[in-house]
2 protein chains.
Amino acid sequence: MFVNGVNIRHDERVSARQTAPRTRYHHGDLRNAMMEAGVELARTGGPEAVVLREVARRVGVSATAAYRHFSDAEELLEEVKHTALAELADALITAVAAVPADGDPPDVVVARLRAAANAYIDFAVRNAGLFLTAYCRTASPDSKYEGEPFADTDAFRALSGLLDQAVEAGCISPEWRAGADIASWSMVHGFATLLADGPVGRHLSAEAQAFAQERTVELLLRGLTASE
Amino acid sequence: MFVNGVNIRHDERVSARQTAPRTRYHHGDLRNAMMEAGVELARTGGPEAVVLREVARRVGVSATAAYRHFSDAEELLEEVKHTALAELADALITAVAAVPADGDPPDVVVARLRAAANAYIDFAVRNAGLFLTAYCRTASPDSKYEGEPFADTDAFRALSGLLDQAVEAGCISPEWRAGADIASWSMVHGFATLLADGPVGRHLSAEAQAFAQERTVELLLRGLTASE
DNA sequence: CCTGGTAAGTTGACGCCGTCAACATCGAGC
DNA sequence: GCTCGATGTTGACGGCGTCAACTTACCAGG
């Protein structure tokens, strides 16, 4: 796995280190333990580093023990994925909450949107592995939320709330509210992806990346708040 | 692999079909043949369907024969990836060329930008496998173009040209030109990704997707052409 | 026209992976 | 205190990428 030219491929898989030989035959909390080990793997190596056998090794348990708690290697990955998604949402919500709420409502809400956008991107850069895992492919349509789109991502709900506030504050004309959520998400997500995993992150200097980020976020805000 | 709820996972791998038992011991054009087989696999199954042994099987050759032409399974993937990128660029350039050039220059250039954006997204939807392959992770920094960012993607150069035209035509203020390329790319790419591989494609009805696409593209154009 | 060297394929093996069937161990409730 | 189900283990299988050693076919130079 390449992130900004630094090879953080999971090949110090020499590991095999298990935290402790584990005295009791039964682990007691294996499902959680495997999840956490999986998250750790994902954090440093992205989704393809979440390898069932390695997870088992780290927890100090045989590979097949996993099958008592997960139907599949895929199910483990999905669990990890949800955790990653939740962590992303956390970062986003925290950043928004940190924006001072005094001042003109329009200014505040724009500042919040900006903070959210930057938090999303920063998360993707700082936690590339987790970010990629959050959006990695998993065969099953990860929705207990069929039809109710994105209900599983708190991040998306936070964004929606912000946009509603923006309409209230008069920053966004009501007839442009619909679809603004997905559009905003697309832009930020696209930039984050191109940065964490793609050509932007690979080819651009740090300053160039920062400039591109600022421009991208401002372009989004311009589009959202354009008077026309 | 799930694309919009349709499982196109590469599990009709029953294949093993080799086009013909191949009479001559030497293939003659194995490198190309493997590439093409790889592209076909990628088209229907995404990057993870590009499996060295299966490619060899399809071409009717032993697995290790690949090593006479590729240093690595990764190198094969990368070759396929470049082909996918090229195909995407083609679709984009063709769509732009199809826009009638008569009329007010500003209108024309906006129409071209819109066409490019929609072509990009449409390609991602119609050729999800290839699209995902075009942007899939490959360990090596796929740049003979180190530092000269994106020079390997004709699609990006086409976009840059369009934006230059837009400045000329007075649609984009010159001081907003810098970074507009990456920002535009981000938005379209993000939407395409969310659609081809992510929650948008999985959870939204076709009409909802179309609406979201239109809104996303228009929001981008608004941001680019905003007067202020 | 032979001949030898090298490019292009082959076979068999290795260690990784996910997964299955069969067996072992523990602990909760009769 | 026994039993039985939940939880772990072992060993095996086939698929993967890759390596070393072997074979085949072509092409140049005599």
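Nothing here was measured: the structure is a model prediction, and the numbers come from that model. Chain letters run A, B, ... following the sequence lines, proteins first and then strands; every chain starts at 1.
- The side chain to side chain donor-acceptor pair (under 3.5 Å) check on B:Asp72 picks up nothing, with sequence neighbours excluded.
- At a cut-off of 3.5 angstrom, the base of D:dT10 holds at least one donor-acceptor pair with the side chain of A:Thr64.
- Listed by chain and residue number, A:His189, B:Phe131, B:His189 satisfy the side-chain contact (heavy atoms from CB on, under 4.5 Å) test with B:Thr193 (two or more places apart in sequence, or in another chain).
- Remark: C1' of C:dT19 and CD of A:Glu74 are 14 Å apart, rounded to the nearest angstrom.
- How far CD of B:Glu79 is from CZ of B:Arg31: 4.0 Å, rounded to the nearest 0.5 Å.
- Projected onto DNA chain C by closest heavy-atom contact, B:Ala65 and A:Ala73 fall at different nucleotides, the more 5' of which corresponds to B:Ala65.
- Summarising the geometry, the separation between CG on A:Asp72 and C1' on C:dC20 is reported as 13 Å, rounded to the nearest angstrom.
- At whole-Å resolution of the value, CG in A:Leu52 and P in D:dT9 are 13 Å apart.
- With respect to A:Glu40 and A:Arg58, no salt bridge is recorded, no charged nitrogen being found less than 4.0 Å from a carboxylate O.
- By the side chain to side chain donor-acceptor pair (under 3.5 Å) test, B:Asn127 pairs with no residue at all, sequence neighbours left out.
- Contacts of B:Asp90 classified as side chain to side chain donor-acceptor pair (under 3.5 Å), with partners at least two apart in sequence or in another chain: none.
- In this entry the distance linking CG of A:Leu41 with P of C:dC17 reads 11 Å, nearest Å.
- Checked against C:dT19, C:dG12, C:dG9, the side chain of B:Val61 finds its nearest nucleotide in C:dG9.
- The CD-C1' distance, from A:Glu48 to D:dC16, rounds to 16 Å in whole Å.
- Here D:dG15 presents its P atom at 9 Å from CZ of B:Arg53, a figure rounded to the nearest Å.
- One can place CG of B:Leu77 at 14 Å from C1' of D:dC16, the figure rounded to the nearest angstrom.
- As rounded to whole Å, 14 Å separates atom P of D:dT9 from atom CZ of A:Arg57.
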Please list each protein N or O that sits under 3.5 Å from an N or O in nucleotides 5-8 of chain C, with the distance.
| unit_1 | atom_1 | unit_2 | atom_2 | d |
| --- | --- | --- | --- | --- |
| C:dA8 | O4' | B:His26 | ND1 | 3.4 |
| C:dA8 | O3' | B:His26 | ND1 | 3.2 |

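- The side chain of A:Arg31 contributes no N or O atom lying less than 4.0 Å from OP1 or OP2 of D:dG8.
- For B:Glu218, the side chain to side chain donor-acceptor pair (under 3.5 Å) partners are B:Arg114, not counting sequence neighbours.
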